[in-house]
Visitor: 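Let me begin by handing over the structure; questions about it come next.
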There are 2 protein chains.
Amino acid sequence: MSASKKTKAATISAEDAPKQYKTYAHNFKEGLGIYIEHPERNPEGRVVEYDDDFVVINDKFPKASVHLLLLPRNPSIAKQHPLSYLSTEPTFLASVRARAEQVANLAAAELRRQYGSHSASDAPYQSALEDMMSAPSTVQPEQQNLTELPPGRDWRSEIQIGVHTHPSMSHMHVHIISREANSPWLKHKKHYLSFHTRFWVGLDEFPLVDEGRRRVEEVREWPGWDLVCWKCGRGFGNRFKEFKGHLEEEFEGWKRE
Amino acid sequence: MSASKKTKAATISAEDAPKQYKTYAHNFKEGLGIYIEHPERNPEGRVVEYDDDFVVINDKFPKASVHLLLLPRNPSIAKQHPLSYLSTEPTFLASVRARAEQVANLAAAELRRQYGSHSASDAPYQSALEDMMSAPSTVQPEQQNLTELPPGRDWRSEIQIGVHTHPSMSHMHVHIISREANSPWLKHKKHYLSFHTRFWVGLDEFPLVDEGRRRVEEVREWPGWDLVCWKCGRGFGNRFKEFKGHLEEEFEGWKRE
DNA sequence: TATTCCGATAGTGAC
DNA sequence: GTCACTATCGGAATGAG
């Protein structure tokens, strides 16, 4: 039996193994697998945090100032379609919600780090933080009660959590991304549409009443949808370059809010 | 009256002249007008020959090794659509035929000048010509009887005469062009299709039975037609770059024929 | 809807 | 079907003993 297995394995190795190897490591669709299998290797330094259930990474091609991916590690879950699985597994949905909300707060803090000094509405927080940091204190920073700081800007409201109707990467991934769309990696129409149209499914939309229908109804024409500014609602048709320039202008105002 | 005219002229100058100037010299569609109005100026040195009825020029963007345009000078003729006028004015058609045939012989001679030394079938002519030129003679070359030379390659058969179903330039022009399509100015699909499909109307097809119908029936889908090699009949769909490479290969064989 | 490269397609402006 | 420029759209490959 052992010998039989071995023989069969040898046969597989000669015929199927190269194919399997290809579909695994060399197929781009499988590119997220390495993170859930070996987060401790911290591939390319993009692992933010991980535990037995989830891995959080920085997206390799971020489409906004902050763009994180939340990856469930359970292999049988990771291969499911997000619209289906999040609509039918309430326990899993609850665990994703809880974890994604934590990650969203992390993302909000990162937005503050990047743009706090430019923000008018964050000035009270920034001033208080500076005062606190410069004031003599015997208490360690991490022990100080940060809730005593004024709220400042609501950065969390700039973060959106959700999934794509038709993901390209085969491992389930939940996007935690800021909405201002400021990134050199935002290079074409689909990049923007995938986060700012019904192609995007917010985590708070789950469970979907008819996920199968949504997957079908969105798929045909969505690359033809107009570019519409998330900030001012202005439409740009298919004129991506012009739209990109507009986004950059909006970004300058947005970070100063 | 003279004063009145002057006043009107002044008015035109202030209001309409810029517009007229625009539609004349600065509208690309009118670009051939200068040649039929002032061939003696020989704009850009491209006038080959002219008389009261016709001007022959070298195309500014030749789509083959030899590409001449025959332009009728009569303004009321020059503004007619070629399919219509050549189908309804037999006298004009006859005069164009006679003149175009002369120009085609000129074009054939130019092909011989360019490629005669590479051509196998032209070798008898080339040898005889060289012998004649090197032989002592008191007779001037232009007085020698060239008909005594062997025929060599039939370069005239490589020349085609015709018009486009939908010309872009507003002045009537008859193309006299070699068919091998060897030119750096042949840059996209329509360039080739316009000389090697039914978009091209050979002068020998006139008068058309129903020229109006042809103008309508060809117009819609013709840019979608497949690229087909004039030499070998191979189809290349829309793959222009690949087709262009093929044309260059065919050209190498063609000139050696 | 992963990126990247290449090429085909489409719109515009031309004084 | 004028050219030249820009940008958009579209398919194909994508690894590596």
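We name chains A, B, ... by the order of the sequence lines, and we start the count at 1 in each one.
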Visitor: Quick one: sort the A/H164 and A/F199 rings into parallel, tilted or perpendicular, breaks at 30° and 60°.
Guide: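 Because their plane-to-plane angle lies in the 30° to 60° range, the rings of A/H164 and A/F199 count as tilted.
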Visitor: Rounded to the nearest Å, what distance is computed from the CG atom of residue B/L186 to the P atom of nucleotide D/dA4?
Guide: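 One finds 13 Å between P of D/dA4 and CG of B/L186, rounded.
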Visitor: Any idea how A/H175 and A/F195 line up, ring-wise: parallel (<30°), tilted (30 to 60°), or perpendicular (>60°)?
Guide: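 Perpendicular.
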Visitor: Could you tell me how far apart B/K29 (NZ) and D/dC3 (P) are, to the nearest whole angstrom?
Guide: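 It works out to 14 Å between those atoms.
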Visitor: Decide yes or no for B/V163 and B/L83: does some side-chain heavy atom of the first lie under 4.5 Å from some side-chain heavy atom of the second?
Guide: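 Contact flag for B/V163/B/L83 side chains = yes.
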Visitor: Are the side chains of A/E249 and A/K231 in touch, meaning some heavy atoms are under 4.5 Å apart?
Guide: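 No, too far: nothing below the 4.5 Å cut-off.
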Visitor: Between P on D/dC9 and CH2 on A/W225, what's the gap in Å once rounded to a whole number?
Guide: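 To the nearest whole Å, that distance equals 15 Å.
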Visitor: Rounded to the nearest angstrom, tell me the gap between atom OH in A/Y192 and atom P in D/dC9.
Guide: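 So the OH-P distance, A/Y192 to D/dC9, works out to 16 Å.
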Visitor: Under a 3.5 Å cutoff, is there a donor and acceptor pairing between the side chains of B/Y35 and B/R41?
Guide: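 Not at all, the side chains of B/Y35 and B/R41 share no donor-acceptor pair under 3.5 Å.
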Visitor: Rounded to whole Å, how long is the line connecting atom CZ of B/F243 with atom P of C/dT9?
Guide: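 Distance, rounded to whole Å: 14 Å.
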Visitor: What distance do B/I176 atom CD1 and B/L203 atom CG have between them, rounded to the nearest 0.5 Å?
Guide: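 B/I176 CD1 to B/L203 CG: 8.5 Å, rounded to 0.5 Å.
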Visitor: Any donor-acceptor pair under 3.5 Å linking the side-chain atoms of A/W254 with those of A/E158?
Guide: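 Checked: A/E158/A/W254 side chains pair up, N/O donor to acceptor below 3.5 Å.
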Visitor: Please tabulate, one pair per line, each protein N/O and nucleotide N/O from nucleotides 3-7 of chain C that are separated by under 3.5 Å, including the distance.
Guide:
residue: C/dT3; atom: OP1; partner: A/K63; partner atom: NZ; Å: 2.9
residue: C/dT3; atom: OP1; partner: A/H191; partner atom: NE2; Å: 3.3
residue: C/dT3; atom: OP2; partner: A/H191; partner atom: NE2; Å: 2.8
residue: C/dT4; atom: OP2; partner: A/K187; partner atom: NZ; Å: 2.9
residue: C/dG7; atom: OP1; partner: B/K241; partner atom: NZ; Å: 3.1
residue: C/dG7; atom: OP2; partner: B/K241; partner atom: NZ; Å: 3.2

Visitor: Do the side chains of B/R99 and B/D51 get close enough for a salt bridge, i.e. N-O under 4.0 angstrom?
Guide: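 Between B/D51 and B/R99 there is a salt bridge, with a charged N closer than 4.0 Å to a carboxylate O.
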Visitor: Under 4.0 Å between a Lys/Arg side-chain N and an Asp/Glu carboxylate O for A/E250 and A/R234?
Guide: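 Result for this pair is no, no salt bridge flagged.
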Visitor: Can you list, by residue number, the residues of residues 162-169 of chain B that have a non-hydrogen atom closer than 4.0 angstrom to DNA chain D?
Guide: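 Close to the strand are B/H164, B/H166, B/P167, B/S168, B/M169.
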Visitor: Round to the nearest Å and state the distance from B/E242 atom CD to D/dG11 atom C1'.
Guide: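 Whole-Å distance recorded here is 14 Å.
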Visitor: Under a cut-off of 3.5 Å for both distances of each Watson-Crick or G-U pair, what dot-bracket string does DNA chain C give, using [ ] for crossing pairs and | for inter-strand pairs?
Guide: .|||||||||||||.
Visitor: Ring centres of A/H246 and A/F236 under 6.0 Å apart?
Guide: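 Yes: the rings meet the under 6.0 Å criterion.
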Visitor: Taking D/dG17 as the reference, what is the distance to C/dT4 when you measure between their P atoms (whole Å, please)?
Guide: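 Going atom to atom, P in each nucleotide, I get 23 Å.
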Visitor: Once rounded to the nearest 0.5 Å, what's the spacing between atom CZ of B/F243 and atom OH of B/Y192?
Guide: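 B/F243 CZ to B/Y192 OH: 4.0 Å, rounded to 0.5 Å.
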